[in-house]
Amino acid sequence: MRPFDYHRAADTDDALTALADRPDAVYLAGGTNLVDHLKLGIVAPDLVVDISRLDLDEVRELDDHGLRIGAMVRNSDLAAHPLVRRHYPMLSRALLSGASGQLRNAATTGGNLLQRTRCLYFQDASTPCNKREPGTGCSALEGFTRNHAILGASPSCVATHPSDMAIAMAALDAEVIVLTRDGERRIPVVDLHRLPGEEPDRDTVLDHGDLIVAVVLPAPGRGRSTYRKIRDRASYAFALVSVAARLDLDESGQIREAAIALGGVAHKPWRATRAEEVLRGAEPKRESFTLAAEAELESAWPLPGNAFKVPMARGAIVSVLTELATEPTEATELSRPGERTATTEGADDDG
Amino acid sequence: MTMADRLQTSAVGTGTVRLDGPDKVRGLAPYAYEHPVDDPVFLSPVQAEIARGRAVDIDTSAAEASAGVVHVLTPTNAPELADTEDGELAILRSNEIGFRGQYLGAVIAETPEQARHAAELITVSYVQDDHDVELREDHPGAREPESGPGEITVGDFGAAFAEAEIRIDARYSTPMEHNNPMEPHTTIARWDGSTLTLWASTQGVHPARSTLAPILGIDPDRIRIISPHVGGGFGSKGVPHADMMLTVLAALALPERAVKHAVTRQQMFSITGYRAPTLQHVRLGARSDGTITALGFDAVAMSSQTKEFPELAIKPARIMYSGDNRRLTQRVVPLDVPVPSWMRAPGETPGMVGLEIAMDELAEATGIDPIELRIRNDTPTDPETGRSFNRRRLADCLRLGAERFEWGERNPEPRSRCRGEWLIGTGVASATYPANRQAGSVARIRFTKDGYEVAIGAADIGTGTWTALTQVAADALEVPGAEVRLRIGDTDLPNATVAGGSTGLASWSAAVLTAAQTFRSLHGHDPEIGAEAEGKAEENPAAETHSLHSFGAHFAEVRVHEATGEIRVNRMLGVFSAGRIVNPRTARSQFVGGMTMGLGMALMEISELDPRFGHVVNHDLAEYHVPTNADVPAIEATWLDEEDPLAGPLGARGIGEIGIVGAAAAIANAAHHATGVRCRDLPLLADAFLPNT
């Protein structure tokens with residue numbers, strides 16, 4: 001671990017200034033990812049600017065009934081917030097399906113969005129990685145790819161974005177508020193993260209020193225919604241595939257609108273726009289859901305070690321949409337051991 | 001009381017709460033790293049980043065100049081060793097590299113951070129050779145284990161299998177797994193020029209000393225190892241590993257300084273042992289009534305070029321079932337990998353995966369209920385030696401379990417139960433573990449003003465030794481437990497054998513019982529202060545005449561999601577025949593712990609060794625999955641109310657390992673019942689239950 005300077009930011013201006021002329025400086029919020037990286041020797045900042053005490057920890061209802069979430073709001077607090085539980089159960093469930101209780105107590109909203117991939121080779125300083133050291137090659141491509149992408153990857157990088165929270169925010173059409181040296185920017189969450197392309201070292205569209213100060217959720221959409229995470233153990237594991245979905249039916253029972261985002265499958269939260277198009281105006285039945293899932297997964301490019309994610313994603317999408325299309329009373333009857341019914345008020349802690 | 005007598009129990013058999021519990025929850029029970037020492041320094045190792053070859057240059061200049069650095073250890077300046085036969089422990093002898101992660105040196109500094117930073121400043125230049133880390137059945141390097149057995153034959157397997165009415169012929173595999181105890185391997189070592197003192201996390205202070213002394217060329221009397229509390233070992237602290245030796249070498253180089261070293265989680269994946277992966281070819285020939293006539297079991301296990309460790313997967317098949325014609329072969333393949341070691345029930349645990357899934361396949365092929373099939377092939381005598389078992393109560397365990405698990409309600413047809421999108425199935429498997437007792441432990445009982453001090457260098461690795469051995473001593477002395485003061489975990493106490501192979505409590509108790517008997521015969525029931533007696537554990541004579549084993553049965557119910565392939569366990573039941581249970585509370589904890597570890601083995605545990613690099617790439621607890629609370633359902637463990645006179649006067653057999661043996665197979669069999677998919681390779685991940693496209 002390289003020795004570094006530490007500076008506690010007094011306010012957001014101070015934070016921005018601190019990073020301005022220091023290309024090797026980083027922000028520290030909850031530290032749940034950065035501190036690991038320091039110990040693993042895969043980042044070596046010369047200055048750590050602590051923003052964890054900035055006055056950005058408020059959740060506020062907006063005039064349009066949306067929600068403004070301060071960047072320093074802890075994951076546990078956000079998941080438990082009454083307005084989130086009532087109006088955005090999908091987000092609450094996504095948050096609670098991530099990490100562990102201890103980590104959620106430390107992790108922040110802004111930091112969660114900017115956490116880095118858990119690709120094993122990215123996290124291992126002894127193996128080549130284009131994301132960590134551009135031009136050295138991708139060790140994952142022919143390696144252990146269970147946690148890797150099936151959509152939107154490139155030969156340079158097949159890593160996935162690991163956040164659960166961000167998947168729900170992508171489905172909710174959330175925007176991030178970013179302070180830059182040139183003023184404030186609003187970026188849709190779906191556009192915050194990049195696909196790897198030839199520059200896998202760049203996770204997001206943010207420039208050095210840009211500071212996320214808030215996430216804004218628009219007023220809750222109509223219909224029922226949920227978040228389901230498929231993983232190798234019941235808690236404290238990253239998603240193999242996750243689905244954030246909202247399904248809205250019109251008066252005649254047809255699908256008015258669906259919003260779907262997938263996690264665990266791409267370098268960014270993957271908004272399933274093709275599936276959404278197929279569903280618009282369709283019958284809310286298994287056949288439609290299967291067609292929608294297949295339309296989305298048509299472009300999947302799995303690796304030898306993660307080809308299972310294609311049928312898994314298809315199965316998860318169909319299963320979640322079927323659940324959302326089923327009347328709540330029936331959903332309760334169909335509830336399975338160890339599972340909680342979706343779309344109830346908020347969510348239960350699963351970890 | 002003579003050794004042949006039965007112990008009159010009062011404390012034994014009661015669920016005394018852990019005597020060390022209050023200290024543990026208050027942080028007053030010191031683990032190895034926590035012992036206060038004067039003038040500590042901290043060690044951080046340097047590890048090889050190639051799997052085979054040579055470090056042609058180890059540049060330590062930047063590290064030596066780094067703040068706080070006291071010493072840099074390399075093969076060039078490492079202290080001499082008297083004996084270098086043990087390839088795992090004879091570290092820093094040369095720059096040759098036998099596996100990725102091998103120690104090349106260490107930095108010792110005034111703070112842990114300084115040591116770690118300086119270790120990163122060391123640059124190593126390599127000449128890399130091709131390495132081979134991939135286990136395969138037809139590997140040209142496959143050979144019989146040095147310690148045997150390579151082949152066991154009874155009757156004519158080939159002919160009997162060829163003639164069998166029903167044949168099962170299938171291949172199974174178990175993965176590399178890492179023990180991952182909660183407390184990492186830690187050592188504090190101090191050499192004062194004549195005596196070496198170690199505060200270490202070990203499953204046996206005396207065995208560790210016996211291992212280290214000849215290698216170091218230091219008289220055992222001048223080595224003291226202290227280890228009163230250990231935060232789990234699961235076999236990985238059964239013998240000293242290279243981390244302890246590295247700390248000792250640093251201490252020898254820095255007299256009077258206490259060198260502290262805690263292995264990191266990542267380092268554990270290359271330094272402190274693991275369960276070797278196995279490949280198993282199982283062939284069962286049977287009559288249509290299920291009677292096994294031919295049993296073939298060919299096992300191949302990974303081993304290391306650095307030091308051989310044989311994962312003897314053939315072990316359980318030797319005694320589990322009848323069958324007049326048997327052929328079992330065991331091979332090991334030494335590869336350029338870290339050194340495997342003990343992990344909870346080595347041999348039995350992987351070996352029961354192939355055998356017990358094959359038995360489920362035989363049940364399916366014959367249409368016989370899997371419990372009935374096992375009972376039909378139960379055997380009153382050891383099928384290899386013809387010796388009688390101590391009370392072999394496998395059938396009783398299966399029957400009691402069947403009743404409690406409501407096995408009778410089961411529709412044997414796969415895919416016959418579901419709830420919503422979850423397919424539900426149940427499965428069964430047998431359990432077994434040898435009932436060994438080791439000779440050589442010595443207990444010393446001394447009457448003091450505070451009561452009876454019972455001293456023996458035994459270990460408590462979280463199993464409950466502090467409590468259970470106190471109970472045994474109390475009954476042996478015929479006094480209340482409050483009058484016994486147990487002392488364990490120190491080589492200054494009388495010799496004790498290892499807490500391993502489920503032998504600990506039975507072996508140490510034999511010494512305590514003998515000491516108590518001698519004490520009473522010398523000093524009566526009203527002893528003087530200072531009255532003292534010793535007793536030694538002898539060989540169990542029954543081991544010469546009988547085949548001594550514990551048996552049990554595992555039942556599991558799983559659910560598999562039809563759309564996503566997720567698999568979870570709903571409930572488990574284990575029924576065990578393990579002789580007398582000394583403390584039901586700590587015993588249940590061990591059984592349930594073993595079953596939980598079996599759940600991990602079945603559903604998630606796998607160390608992913610990347611063949612290109614030669615190291616385990618999922619080397620932390622985020623990516624090496626062990627069960628979380630949410631994965632562990634209602635697990636119930638129960639046992640037959642019995643005692644085993646052949647186990648000795650205590651009537652108890654060891655219970656540390658049998659809980660895991662067979663548990664994974666029961667889950668795999670339940671998954672087949674749920675889905676119709678037969679998985680023969682662990683762990684059972686969601687992939688197995690999804691369509692191919």
Side-chain angles (χ1 to χ4, degrees), chain A residues 1-3 36 39-41 44 99-100 118-121 123-128 139-140 142-144 146-147 228-238 240-241 243 305-320 322-323 331 333-339 349-351, chain B residues 47 49-50 67 100-101 113-114 116-117 120 264 266 418-422 424 557 559 561-571 600 603-604 606 608-613 615-623 625-633 683 685-693:
Chain A
M1 192 180 354
R2 173 176 165 189
D36 281 354
K39 289 189 198 168
L40 292 169
S100 65
R118 290 330 193 270
C119 172
L120 302 176
Y121 304 96
Q123 298 187 109
D124 185 340
S126 75
T127 58
S139 296
E142 292 175 359
F144 179 68
R146 191 166 183 80
N147 295 329
R228 194 182 307 171
K229 180 174 181 178
I230 316 302
R231 45 183 155 174
D232 279 331
R233 65 178 165 187
S235 178
Y236 192 51
F238 292 96
L240 295 167
V241 167
V243 181
N306 70 9
F308 69 90
K309 282 191 175 186
V310 177
M312 178 180 276
R314 184 179 59 220
I317 293 167
V318 173
S319 177
V320 164
T322 304
E323 182 178 294
E333 283 165 21
L334 287 170
S335 71
R336 296 163 293 261
E339 281 276 298
D349 185 347
D350 73 345
Chain B
Q47 295 178 273
E49 291 190 355
I50 63 168
R100 190 172 175 124
E113 293 81 8
Q114 288 170 335
R116 192 162 173 161
H117 175 61
E120 286 171 13
T264 66
Q266 282 92 352
C418 69
R419 280 181 78 184
E421 290 179 283
W422 292 95
I424 297 172
E557 180 182 289
R559 63 183 193 277
H561 197 280
E562 222 177 348
T564 64
E566 290 156 286
I567 175 166
R568 304 282 185 259
V569 171
N570 286 340
R571 60 188 177 114
L603 299 188
M604 59 191 81
I606 177 169
E608 296 286 354
L609 185 73
D610 190 317
R612 301 167 302 165
F613 301 110
H615 71 303
V616 172
V617 289
N618 59 333
H619 49 190
D620 59 43
L621 289 180
E623 300 299 338
H625 289 170
V626 297
T628 64
N629 283 339
D631 292 289
V632 181
L685 300 171
D687 328 11
F689 308 103
L690 287 165
N692 284 328
T693 53

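So that the names make sense, note that chain A is the first sequence line, chain B the second, and so on, each numbered from 1. Nothing here was measured: the structure is a model prediction, and the numbers come from that model.
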Which atoms of K309(A) come close to chain B, meaning under 4.5 Å heavy atom to heavy atom: side chain ones, backbone ones, both, or neither?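 The answer is neither part of K309(A).
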Can you tell which part of T322(A) gets under 4.5 Å to a heavy atom of chain B, answering side chain, backbone, both or neither? neither
Can you tell me how far apart [atom1] ([X]) and [atom2] ([Y]) are? Round to the nearest 0.5 Å.
X       : Y       : atom1 : atom2 : result
D232(A) : I606(B) : CG    : CD1   : 10.5 Å
R612(B) : E142(A) : CZ    : CD    : 6.5 Å
Q123(A) : H619(B) : CD    : NE2   : 8.0 Å
F613(B) : F144(A) : CZ    : CZ    : 14.0 Å
T564(B) : F308(A) : OG1   : CZ    : 11.5 Å

Let me know if D631(B) has heavy atoms under 4.5 Å from chain A in its side chain, its backbone, both or neither.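 For D631(B), backbone and side chain are both near chain A.
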Checking heavy atoms, do the side chain of I567(B), its backbone, both or neither come under 4.5 Å from chain A? neither
When you compare the side chain of [Y] with that of [X], does any pair of heavy atoms fall below 4.5 Å?
X       : Y       : answer
Q266(B) : D124(A) : no
R146(A) : D687(B) : yes
P691(B) : R314(A) : yes
E562(B) : S319(A) : no
H615(B) : T127(A) : yes

As an exercise: rank I230(A), N306(A), I317(A) by heavy-atom pairs under 4.5 Å with chain B and give me the winner.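 With the most close heavy-atom pairs to chain B, the winner is I230(A).
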Shorter than 4.5 Å, heavy atoms on both sides: which option in G41(A), G143(A), A237(A), A125(A) has the most such pairs with chain B?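 Most heavy-atom pairs within the cutoff with chain B belong to G143(A).
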Name the option with the most non-hydrogen atom pairs under 4.5 Å to chain A; the candidates are [options].
options                            : answer
L603(B), L621(B), V632(B), T264(B) : L621(B)
A563(B), A67(B), G600(B)           : A563(B)
A622(B), P683(B), P633(B), G565(B) : A622(B)

Run the side chain to side chain donor-acceptor pair (under 3.5 Å) test against E623(B) and tell me which residues pass, sequence neighbours left out. N147(A)
Would a distance-only check, ignoring hydrogens and angles, find a side-chain to backbone donor-acceptor pair under 3.5 Å from R233(A) to V626(B)?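 Pair found, side chain donor or acceptor close to backbone of V626(B).
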Exercise: do R100(B) and S126(A) side chains pair donor with acceptor under 3.5 Å: yes
Could you give me the CA-CA distance, side-chain angles and deciding distance for R116(B) and K39(A), then say whether side chain to side chain contact (heavy atoms under 4.5 Å, CB included) is met? CA-CA 9 Å; R116(B) 192 162 173 161; K39(A) 289 189 198 168; 3.8 Å; yes
Residues which pass side-chain contact (heavy atoms from CB on, under 4.5 Å) with A686(B), listed by chain and number, not counting sequence neighbours: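 A686(B) satisfies side-chain contact (heavy atoms from CB on, under 4.5 Å) with M312(A) only.
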Closest non-hydrogen atom pair between H561(B) and R228(A), with its separation: NE2-NH1, 3.5 Å
